[in-house]
Number of protein chains: 2
Amino acid sequence: MAIVDEMVCFSLYSATRATTRAYTELLAPWKLTYTQYLVLVILWNEGSQPVREIGEMLQLDSGTLSPLLRRLESKEFIKRQRSETDTRVVNVLLTEQGNNLRNELAHIPEQIACGTGLPDIASAKALVNSLHRLTESMQEIPTMDSK
Amino acid sequence: MAIVDEMVCFSLYSATRATTRAYTELLAPWKLTYTQYLVLVILWNEGSQPVREIGEMLQLDSGTLSPLLRRLESKEFIKRQRSETDTRVVNVLLTEQGNNLRNELAHIPEQIACGTGLPDIASAKALVNSLHRLTESMQEIPTMDSK
DNA sequence: CGTAATTAGATTGTGCGCAACTTAAATTTG
DNA sequence: CAAATTTAAGTTGCGCACAATCTAATTACG
């Protein structure tokens, strides 16, 4: 076993890439990427959202989201429409096709859950919790922003 | 809390990006990326390696490694030299500068370890183990390669 | 031996992820 | 109200990650 396999960071990085590859394979028939799928999950569950909200939920900025949403729009799964009350805001909403996708892709969560190899929901939640704690903690590193 | 925060895949994805950002900040003075750092860790600990070996350890193919190694070489931290016994093979070795970096970056593992917020080495190892199991399990998804 | 199959590495092209910057609109404040 | 600040989203550029393809060298085997 190589040195990197003992590192927490590498085991995270490795697990994430394995998971993303699994999604990529499951999503291939629809030519969707993992991140595009996450945007759809948000829209299915929380309804239409401004770009900013989606960015906050996924922790992604407009540099990532703008082109990603353009691609989702060109696939005709979403529409973007500028808010009338505040024209800086762009609202993202599902098309009918995008809505239908929810049923077509309903098998994916279970297949991924199975892919994790976790024995039950409790252990999945335990893992999610420790990863949340790690994420929080990692974001609090002070480094040099002592200004 | 958004729907994505309950997903194992998203908590992984999120934790990985937080960790990578932490490395990026720590490595900024040397203009190294996280993946470039991983290559250096391998070379420091396992000595010169062919590209293929590095790729196996990091689970990266030449499409990622070739340009990455070119950039590490242009920074003069590594050298690439084609094997004489098998001219298909390219061996990657540290320059003196690359070797010196090991001491300069010696503070990083501890800062990251601290950043994880994990209380002790045992819990770090436990997390690493469950992530390894998840990675293995995720790679064994059959999907459609029924050929 | 010579052809077929395999292997190592590089190249090309796409899509993030993110920093830095731009534009335009809304809000704050003097 | 006007100038300054803040906010939302888009654009540009770089470096992965990865699929697909290519070249050249080595190995297998008929």
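Below, chains carry the letters A, B, ... as their sequence lines are ordered, and counting in each starts from 1.
Atom NZ in Lys31(A) sits roughly 11 Å away from atom P in dA20(D) (whole-Å rounding). When the C1' atom of dG15(C) is taken as reference, atom CZ of Arg70(A) falls 12 Å away, rounded to whole Å. Remark: P of dG10(D) and CD of Gln81(A) are 13 Å apart, rounded to the nearest angstrom. Across the protein-nucleic acid pair, Arg82(B) atom CZ and dG9(C) atom P stand 8 Å apart, rounded to whole Å. What separates CG of Leu60(B) from C1' of dG15(D) is a distance of 13 Å, to the nearest Å. Between the CG atom of Leu12(B) and the P atom of dG17(C) there is a distance of 14 Å, rounded to whole Å. Rounding to whole angstrom units, CD of residue Glu73(A) and P of dA9(D) are separated by 14 Å. The nearest whole Å value for the distance from the CG atom in Leu32(A) to the C1' atom in dT14(C) is 15 Å.
Backbone-only engagement by Thr35(A) is indicated by non-hydrogen atom pairs under 4.0 Å involving sugar-phosphate atoms exclusively. Within the nucleic acid shown, Thr87(A) comes within 4.0 Å of sugar-phosphate atoms alone, with no base atom in reach, counting heavy atoms only. Within 4.0 Å of Leu65(A), counting heavy atoms only, lies no atom of the nucleic acid at all. Contacts of Leu68(A) with the nucleic acid, taken as non-hydrogen atoms under 4.0 Å apart, involve only primed sugar atoms and P, OP1 or OP2. Within the nucleic acid shown, Thr33(A) comes within 4.0 Å of sugar-phosphate atoms alone, with no base atom in reach, counting heavy atoms only.
Atom NZ of Lys75(B) sits in a crowded spot, with more than 12 heavy atoms from other residues, nucleotides or ligands closer than 6.0 Å. Counting non-hydrogen atoms of neighbouring residues, nucleotides and ligands closer than 6.0 angstrom, the CD atom of Glu76(B) reaches no more than 12 such neighbours.
Nucleotides of DNA chain D nearest to Thr64(A) and Arg17(A) differ in position, and the one nearer the 5' end is that of Thr64(A). Taking the nucleotide of DNA chain C with the nearest heavy atom to each of Asp61(B) and Arg52(B), the more 5' of the two is matched to Arg52(B).
Side chain of Thr95(B) to main chain of Phe77(B): a donor-acceptor pair is present (N/O by atom type, distance under 3.5 Å, no hydrogens or angles).
Note: Tyr37(A) and Tyr23(A) have tilted aromatic rings, judged against thresholds of 30 and 60 degrees for the angle between ring planes.
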| message | Pair Phe10(B), Tyr13(B) - check ring pair (Phe, Tyr, Trp, His ring centres under 6.0 Å), show working. | response | CA-CA 5 Å; Phe10(B) 183 72; Tyr13(B) 167 75; 5.7 Å; yes
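Contact check, Arg21(B) against dC18(C): a side-chain N or O comes under 4.0 Å of OP1 or OP2. For dA10(C), one of the phosphate oxygens OP1 or OP2 lies less than 4.0 angstrom from a side-chain nitrogen or oxygen of Arg80(B). Remark: Tyr13(A) is in phosphate contact with dA17(D), judged by side-chain N or O atoms under 4.0 Å from OP1 or OP2. At dG17(C), none of the side-chain N or O atoms of Gln59(A) fall inside 4.0 Å of OP1 or OP2 (strictly under the cut-off).
For Ser66(B), the listed nucleotide lying nearest its side chain is dA10(C); candidates were dA8(D), dA10(C), dT26(D). For Gln36(A), the listed nucleotide lying nearest its side chain is dG15(C); candidates were dG15(D), dG10(D), dG15(C). The nucleotide whose nearest atom lies closest to any side-chain atom of Arg71(A) is, among dG9(C), dT26(D), dG15(C), dG15(C). Of the candidates dA8(D), dT7(C), dG17(C), the closest approach to any side-chain atom of Val89(A) belongs to dA8(D). When distances run from any side-chain atom of Asp86(A) to the nucleotides dA26(C), dG15(C), dT7(C), the shortest one goes to dA26(C).
Taking a cutoff of 4.0 Å between a charged side-chain nitrogen and a carboxylate oxygen, Arg52(B) and Glu56(B) qualify as a salt bridge.
At a cut-off of 3.5 angstrom, counting only N and O atoms as typed in the model, there is a donor on one side and an acceptor on the other between the side-chain of Ser62(B) and the base of dA10(C).
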